[in-house]
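Right, one structure below, let's go through it.
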Amino acid sequence: MDKRCMTKKLLQMVIGTLILSFGIYNFYYQNGITEGGVLGLLLIFKNVFNVDVSLSNVFIDGFLILLGFRFFGKKFFGYTIFSTVVFSIVYGIFEKFGFLVTVDNNIIAAILGGVCVGVGCGIIINAGGAAGGDDIVALIFSKMANVSIGKVYLITDVTVLILSLSYLPASKIIYSIIAVVVSGQVINIMYKFNDSIELVPDLTPVADGKLAA
């Protein structure tokens with residue numbers, strides 16, 4: 001891959017993370033809309049089992065990123081690390097400056113947030129990486145089971161949200177389900193136009209126990 005192509009992909013990821021973090025902070029966080037996927041799972045561990053989020057995140061998200069390397073190779077791994085770092089930086093900037101928009105209607109916030117998350121994640125995935133552990137899980141199942149990526153997002157996110165009923169009222173979960181349905185459909189539409197991420201060609205172990213290149 002030449003430098004121009006790599007620069008283009010990195011720029012796409014920066015744009016994707018800007019849109020993603022904007023939606024999560026200004027629509028989800030501001031309106032108390034919780035997350036499905038890995039973040040939702042971390043919140044369950046925190047609220048039900050009192051497991052520190054930073055600790056559980058290292059194990060869960062770290063494991064999934066390594067799994068992404070196992071299935072999609074080092075370029076995917078590098079791009080995912082890059083997008084994860086950029087997201088942390090950009091989200092911190094949004095927190096510093098405060099909310100840029102205000103939406104008082106939770107349904108509208110869920111829809112707008114879902115669109116932002118879907119577009120942001122879609123751009124990052126189409127550039128060759130992932131925004132986090134949930135994207136990696138969705139990509140792996142989509143590739144191996146030949147299921148649309150939107151359906152995988154919907155199944156995993158709704159499952160986590162249902163489990164979140166262990167500490168959240170149903171009224172909060174409804175808006176979150178709207179958000180994940182919207183984001184999953186947006187990602188699915190965007191991914192159909194650019195199915196660029198491929199499984200590592202040969203994942204069978206060789207004699208010395210290492211993966212074949």
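Atom set for the values below is all heavy atoms of this structure, side chains included, hydrogens, waters and symmetry mates excluded.
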How long is the gap from [atom1] on [X] to [atom2] on [Y], to the nearest 0.5 Å?
X      : Y      : atom1 : atom2 : value
Leu163 : Leu41  : CG    : CG    : 8.0 Å
Asn126 : Lys9   : CG    : NZ    : 9.0 Å
Met190 : Ile124 : CE    : CD1   : 10.0 Å
Leu67  : Ile140 : CG    : CD1   : 4.0 Å
Glu95  : Ile93  : CD    : CD1   : 11.0 Å
Ile108 : Ile178 : CD1   : CD1   : 11.0 Å

Worksheet item: CG of Asn146: more than 12 outside heavy atoms within 6.0 angstrom?
Response: no
Scan the side chains in residues 109-116 for donor-acceptor partners under 3.5 Å anywhere in the protein, sequence neighbours excluded, and list what turns up.
none

Quick check: closest heavy atoms across [X] and [Y], and the distance to 0.1 Å?
X      : Y      : result
Gly36  : Asp157 : C-OD1, 3.5 Å
Gln12  : Ile123 : O-CG2, 3.1 Å
Val38  : Asp134 : N-OD2, 3.3 Å
Gly118 : Ile187 : O-CG1, 3.3 Å
Asp61  : Gly132 : OD1-C, 4.0 Å
Met13  : Gly128 : CE-C, 4.0 Å

Side chain to side chain contact (heavy atoms under 4.5 Å, CB included) partners for [X], two or more places apart:
X      : result
Leu11  : Ile15
Ser176 : Ile33, Thr34, Leu161
Phe49  : Phe45, Val51
Asp104 : Thr102

Fill in: Within residues 10-33 or reaching into it, pairs that qualify as ring pair (Phe, Tyr, Trp, His ring centres under 6.0 Å) - sequence neighbours excluded
Phe22-Phe27, Phe22-Phe94, Tyr25-Tyr29, Tyr25-Tyr91, Tyr25-Phe99
Fill in: Qualifying ring pair (Phe, Tyr, Trp, His ring centres under 6.0 Å) pairs, either residue in residues 150-190, two or more places apart
none
Please set out all donor-acceptor pairs under 3.5 angstrom arising from side-chain atoms of residues 81-90, sequence neighbours excluded.
| unit_1 | atom_1 | unit_2 | atom_2 | d |
| --- | --- | --- | --- | --- |
| Ser83 | OG | Tyr79 | O | 3.4 |
| Ser83 | OG | Thr80 | O | 3.0 |
| Ser83 | OG | Ala130 | O | 2.6 |
| Thr84 | OG1 | Thr80 | O | 2.8 |
| Ser88 | OG | Thr84 | O | 3.2 |

Worksheet item: Looking at Val160, Ile155, Leu154, which hits side-chain contact (heavy atoms from CB on, under 4.5 Å) with Val158?
Response: Leu154
Fill in: Any donor-acceptor N/O pair, Gln30 side chain to Asn26 backbone, under 3.5 Å
yes
Worksheet item: Can you tell me if Ser142 uses its side chain to pair, donor with acceptor, with the backbone of Val147 under 3.5 Å?
Response: yes
Discussion item. So Lys151 and Phe141, do their side chains get closer than 4.5 Å, heavy atoms only?
Written reply: no
Worksheet item: Does Leu42 reach the side chain of Ile60, with side-chain heavy atoms less than 4.5 Å apart?
Response: yes
Worksheet item: Would Ser148 and Asn188 count as a side chain to side chain contact (heavy atoms under 4.5 Å, CB included) if you check the C-alpha gap in whole Å, the side-chain angles of each, and the deciding distance to 0.1 Å?
Response: CA-CA 7 Å; Ser148 72; Asn188 198 44; 3.4 Å; yes
Worksheet item: Stepwise, does the side chain to side chain contact (heavy atoms under 4.5 Å, CB included) test hold for Leu20 with Cys121?
Response: CA-CA 7 Å; Leu20 174 64; Cys121 288; 3.8 Å; yes
Item to complete: Show the numbers, then the answer: is there a side chain to side chain contact (heavy atoms under 4.5 Å, CB included) between Leu139 and Ile125?
Response: CA-CA 9 Å; Leu139 284 167; Ile125 290 171; 3.9 Å; yes
Worksheet entry | Full working for side chain to side chain contact (heavy atoms under 4.5 Å, CB included) between Leu10 and Val14 | CA-CA 6 Å; Leu10 294 177; Val14 171; 5.7 Å; no
